[in-house]
Amino acid sequence: DSPKGFHDEL
Amino acid sequence: MNIFRLAGDMTHLASVLVLLLKIHTIKSCAGVSLKTQELYAIVFATRYLDILTSFVSIYNTLMKLIFLGSSFSIVWYMKYHKTVRRTYDRDQDTFRHWFLMLPCLLLALLIHEKFTFFEVLWTFSLYLEAVAILPQLVLLQRTRNIDNLTGQYIFLLGGYRGFYILNWIYRYFTEPHYVHWITWIAGLVQTLLYADFFYYYFLSWKNNKKLQLPA
């Protein structure tokens, strides 16, 4: 998924 | 993306669509708390502020638009639609939901991952979502009735966060450095709140009597 600390969830 | 998170998102989507379809079809919002719907609109508005600045995937952006659109549509129906607004239980839906927002905002200012405008609002939306169902549960207890669509709505809404907890456990074991205590604790508190509702809902269903939520 996306880089750390990045909100990739809804 | 993992199966738990997909199941969670689909369950969440189903919950808002069930509610929107109910209100749109029978042109009634009896038993639905406008306060909870307003809190959810605020939850999505403060959580998806980055919809224009950060792109994760088509799915992510599409779902954000659907959640924003559906939650604001439900609020619009309940406040402004000429027929639906008359079925809103104004004098029963009296939970001081603005008093829920202030502690969530203060907590977000104190406990967050990064002290930036977006991150504090994102954390605020997380805390607010955990308690957003309270006005709805209070309304159910007062009106003593729970029509099956509203019951399904709450069931799906509780189920989605339950799936998300499984998703966080899965990601914790499969992704190095995936640790988000704030999200996990807020999600757990939220699910426990629903678990409580389900316990009384199940009792009322088993004993075939009216739903009696604790005072």
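These numbers come from a predicted model, not from an experiment. Within every chain, numbering begins at 1; the chains are lettered A, B, ... in the order of the sequence lines, protein sequences first and strands thereafter.
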(message) For Tyr164(B) together with Phe4(B), are the ring centres under 6.0 Å from each other?
(response)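 No, they do not, as the ring centres are separated by 6.0 Å or more.
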
(message) For the aromatic rings, using the six-membered ring if either is Trp, is the centroid distance between His12(B) and Phe163(B) under 6.0 Å?
(response)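 Centroid separation for His12(B) and Phe163(B): 6.0 Å or greater.
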
(request) Indicate whether any N or O donor in one side chain lies under 3.5 Å from an N or O acceptor in the other, for Asp93(B) and Tyr88(B). (result)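 Side-chain D/A pair, Asp93(B) to Tyr88(B): present.
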
(request) Using a strict 4.0 Å threshold on nitrogen-to-oxygen distance, state whether Arg47(B) and Glu9(A) make a salt bridge. (result)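 Not counted as a salt bridge, because no side-chain N and carboxylate O are separated by less than 4.0 Å.
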
(request) Let me know if Phe44(B) has heavy atoms under 4.5 Å from chain A in its side chain, its backbone, both or neither. (result)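 Nothing of Phe44(B), per the 4.5 Å heavy-atom cut-off to chain A.
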
(request) Select one option (side chain, backbone, both, neither) describing which atoms of Asn60(B) are under 4.5 Å from chain A's heavy atoms. (result)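 Interface part for Asn60(B): both.
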
(request) Under 4.5 Å, counting heavy-atom pairs only, tell me which of Tyr178(B), Tyr48(B), Phe67(B) racks up the most with chain A. (result)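 Of the candidates given, the most pairs with chain A belong to Tyr48(B).
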
